[in-house]
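See below for the structure under consideration.
Computed over heavy atoms, backbone and side chain alike; hydrogens, waters and symmetry mates excluded. Every value quoted in this text rests on a predicted model; they were computed, and no experiment measured them.
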2 protein chains.
Amino acid sequence: MPQSRTASTHAHVKCGDCPIRHRAICARCEADELEVLNSIKYYRTFAPGETIVWAGEQFSFVASVVSGVATLTQTLEDGRRQVVGLLLPSDFIGRPGRHRSQFDVTAVSEVTLCCFRRDPFDEMLQRTPHIGERLLEMTLDELDAAREWMLILGRKNAREKIASLLVMIAHRDAALHMTRPSGEVSFELPLTREAMADYLGLTLETVSRQISAQRRDGVIELEGKRRVRVPDFAALVAETGDDSDGGWID
Amino acid sequence: MPQSRTASTHAHVKCGDCPIRHRAICARCEADELEVLNSIKYYRTFAPGETIVWAGEQFSFVASVVSGVATLTQTLEDGRRQVVGLLLPSDFIGRPGRHRSQFDVTAVSEVTLCCFRRDPFDEMLQRTPHIGERLLEMTLDELDAAREWMLILGRKNAREKIASLLVMIAHRDAALHMTRPSGEVSFELPLTREAMADYLGLTLETVSRQISAQRRDGVIELEGKRRVRVPDFAALVAETGDDSDGGWID
DNA sequence: GAATTTCCTTGACGCAGATCAACAACCCAC
DNA sequence: GTGGGTTGTTGATCTGCGTCAAGGAAATTC
């Protein structure tokens with residue numbers, strides 16, 4: 001896995017009531033644009049399992065995830081499903097010039113979005129080239145993440161896949177508190193066994209078995225079904241088959 | 001697979017001696033910028049198997065592929081390898097703000113690049129926002145392609161994977177002549193069996209067996225080892241397991 | 001608090017694809 | 001020509017994970 005990524009050099013806008021920072025909007029534009037942002041935004045909440053956008057659907061807004069977890073999925077005609085992206089708080093939905101979604105966007109937990117109406121947002125983009133640059137940067141991060149996931153899907157065995165997923169979630173979780181995971185780590189698993197399976201190209205039974213195996217081997221501990229405690233993060237990373245812990249970014 | 005993608009609405013620059021169109025550079029800027037482009041470009045050729053950029057290496061240029069085929073690859077510490085992207089003629093290497101490659105870029109056949117020196121290219125980008133928009137658009141195309149490939153890697157069986165690869169190559173091949181594949185189609189396979197395996201998350205033996213099987217079943221015909229004739233393209237598409245032939249773009 | 005539903009775990013078994021191995025076809029060097 | 005390297009094909013065998021099946025734990029509904 002790539003060791004170091006281009007670190008983002010500037011902070012991101014925190015607007016109005018959102019507890020997250022809007023990564024799409026660079027801080028250099030903050031003073032001028034926050035007012036515009038606040039005037040065109042509204043919140044929407046989706047229940048677990050609810051579809052946020054269907055594949056092929058035109059979407060009338062762009063949005064940041066404020067809380068909750070959503071997935072991007074593709075489905076084969078016979079129902080086989082693949083999660084191709086996770087949307088966690090501060091992730092962005094919708095792109096300029098992409099008026100239709102390529103994938104189903106589905107809420108996994110209860111999801112709150114901070115939506116911006118499309119047309120005014122696009123206008124703001126025209127006037128504010130920094131935001132376009134920031135969007136390109138975020139898109140490149142997503143592209144890197146997708147390509148890392150291709151390695152996981154194509155070449156790792158079930159045990160390595162589970163470890164890789166846990167490491168990724170731990171990284172994303174730590175990033176929210178501006179830290180990096182190390183030593184003892186503990187986090188919430190935001191996905192069902194089935195969603196994990198769909199992300200990793202496995203069946204839910206295999207996911208369950210591998211989690212049990214890692215638990216037996218002392219690599220992880222479970223508190224309930226969803227809370228994971230990792231006594232030694234380096235040991236979990238060693239299970240991934242990578243030569244480093246990857247550079248999962250904010 | 002996504003059915004229709006955002007079609008690019010404008011043509012792309014054909015500069016100097018390059019037989020390809022530079023997709024990164026939008027035609028609206030052509031008049032002003034062609035001169036700059038031609039003043040900062042040079043050609044480089046790489047032999048089959050030669051590494052163009054190592055993962056983690058700083059690169060001093062951005063480039064378009066003029067001829068030949070290159071791969072983006074990732075390798076696990078024990079040598080398992082995954083191709084995470086194909087670079088075909090007119091594809092672009094390097095991104096603003098991404099000064100290091102995340103992946104190994106390797107020539108598969110003899111590859112000629114049209115390189116632009118990095119600093120003047122970045123300056124031109126500053127002055128010409130259209131190019132930035134075009135780069136974002138291309139990056140989004142790559143992201144969509146990567147996510148489609150995640151479905152192939154995670155959820156398709158060997159036979160469907162082979163069919164999907166052949167369909168993709170046929171689409172890319174046809175796009176060079178501004179057509180879409182249909183009816184009888186014939187094209188060159190630019191990859192070895194091993195490279196195909198590394199792209200599809202299979203072994204080379206399985207690739208060979210599945211190609212033989214499709215040949216036995218009359219879905220494809222081989223002329224030599226590398227030239228493929230598809231008597232009925234729709235029949236090949238039906239082998240992919242998708243509900244449509246996907247929208248592989250230019 | 002009983003019934004239903006959702007989510008998870010574990011076992012038994014089979015198969016698609018990996019692995020190991022032999023060989024064929026073709027290239028280039030000399 | 002001959003020899004050696006690269007690439008591709010095919011067969012035999014093994015195995016990791018999918019499939020099918022049963023049941024447990026916890027939340028939700030009535």
Side-chain angles (χ1 to χ4, degrees), chain A residues 47-50 69 76 78-82 106-110 152-163 165 188-217 220-228 239 241, chain B residues 47-50 69 76 78-82 106-110 152-165 188-216 220-228 239 241:
Chain A
E50 197 175 347
V69 179
L76 252 26
D78 62 1
R80 282 174 285 174
R81 195 185 313 199
Q82 179 68 45
T106 313
V108 173
S109 60
E110 179 165 296
I152 291 169
L153 289 172
R155 291 300 184 202
K156 291 191 178 181
N157 62 33
R159 185 170 176 123
E160 292 167 332
K161 284 178 174 181
I162 295 291
L165 179 64
E188 207 69 32
L189 258 186
L191 302 174
T192 65
R193 301 290 186 260
E194 188 180 21
M196 287 189 249
D198 285 343
Y199 203 5
L200 296 169
L202 299 170
T203 59
L204 67 91
E205 293 94 330
T206 299
V207 169
S208 181
R209 269 186 259 268
Q210 293 299 331
I211 288 180
S212 297
Q214 307 238 34
R215 193 161 49 78
R216 266 196 303 281
D217 298 345
I220 60 175
E221 294 160 24
L222 290 184
E223 295 158 20
K225 312 253 170 196
R226 293 297 192 85
R227 182 138 205 105
V228 178
E239 296 272 343
Chain B
E50 196 174 348
V69 179
L76 252 26
D78 62 1
R80 282 174 285 175
R81 194 185 315 201
Q82 179 67 45
T106 312
V108 173
S109 59
E110 179 166 295
I152 290 169
L153 289 172
R155 290 302 184 202
K156 291 191 179 181
N157 62 32
R159 185 168 177 126
E160 293 167 332
K161 284 178 173 179
I162 294 290
S164 300
L165 178 63
E188 206 70 33
L189 259 187
L191 302 174
T192 64
R193 300 290 185 262
E194 189 180 21
M196 287 189 250
D198 286 342
Y199 203 3
L200 295 169
L202 299 171
T203 59
L204 66 90
E205 294 94 329
T206 299
V207 169
S208 181
R209 270 186 258 270
Q210 292 299 331
I211 288 180
S212 298
Q214 306 238 33
R215 195 160 49 79
R216 265 197 303 281
I220 61 175
E221 295 159 25
L222 290 185
E223 297 158 19
K225 309 255 171 197
R226 292 298 194 85
R227 181 137 206 105
V228 178
E239 297 271 344

Please state how far atom [atom1] in [X] lies from atom [atom2] in [N], giving the value in whole angstrom units.
{"X": "A:K161", "N": "D:dG18", "atom1": "NZ", "atom2": "P", "result": "7 Å"}
{"X": "A:L153", "N": "D:dC17", "atom1": "CG", "atom2": "C1'", "result": "15 Å"}
{"X": "B:L204", "N": "D:dT10", "atom1": "CG", "atom2": "P", "result": "13 Å"}
{"X": "A:I162", "N": "D:dC17", "atom1": "CD1", "atom2": "P", "result": "10 Å"}
{"X": "B:R215", "N": "D:dT9", "atom1": "CZ", "atom2": "C1'", "result": "9 Å"}
{"X": "B:N157", "N": "D:dG18", "atom1": "CG", "atom2": "C1'", "result": "13 Å"}
{"X": "A:E160", "N": "D:dC17", "atom1": "CD", "atom2": "C1'", "result": "14 Å"}
{"X": "A:L222", "N": "D:dA25", "atom1": "CG", "atom2": "C1'", "result": "14 Å"}

B:R155 side-chain N/O to A:R81 backbone N/O, donor-acceptor pair under 3.5 Å =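 Confirmed, B:R155 side chain pairs with A:R81 backbone.
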Any side-chain heavy atom of [X] within less than 4.5 Å of one from [Y]?
{"X": "B:K156", "Y": "A:L76", "value": "yes"}
{"X": "A:E188", "Y": "A:V69", "value": "no"}
{"X": "B:K161", "Y": "B:V207", "value": "no"}
{"X": "A:E239", "Y": "A:I162", "value": "no"}
{"X": "A:Q210", "Y": "A:L202", "value": "no"}

task = Scan B:L204, B:L165, B:T206 and name whichever one has a side chain to side chain contact (heavy atoms under 4.5 Å, CB included) with B:M196.
result =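 Of B:L204, B:L165, B:T206, side chain to side chain contact (heavy atoms under 4.5 Å, CB included) with B:M196 is met by B:L165 alone.
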B:T192 side chain near D:dT6 phosphate (N/O to OP1/OP2, under 4.0 Å) =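 False: B:T192 side-chain N/O out of range (4.0 Å or more) of D:dT6 OP1/OP2.
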So [X], base contact, sugar-phosphate only, or nothing? Heavy-atom distance under 4.0 Å.
{"X": "B:R226", "answer": "sugar-phosphate"}
{"X": "B:S208", "answer": "base"}
{"X": "A:T203", "answer": "base"}
{"X": "A:G49", "answer": "nothing"}

request  = Identify, between A:V207 and A:K225, the residue whose nearest nucleotide on DNA chain D lies closer to the 5' end.
outcome  =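 The residue mapped nearer the 5' terminus is A:V207.
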request  = Extract, from 5' to 3' on DNA chain C, the first and final nucleotides lying under 4.0 angstrom from some heavy atom of chain A.
outcome  =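 Result: C:dC8 to C:dA12.
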message = Distance criterion of 3.5 Å, no angle test: do you see the side chain of B:R209 paired donor-to-acceptor with the base of D:dG11?
response =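 Between D:dG11 and B:R209, which were checked side chain against base, a qualifying N/O pair under 3.5 Å is present.
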Comparing A:S212 and A:R155 on DNA chain C - which has the more 5′ nearest nucleotide =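 Result of the comparison: A:S212.
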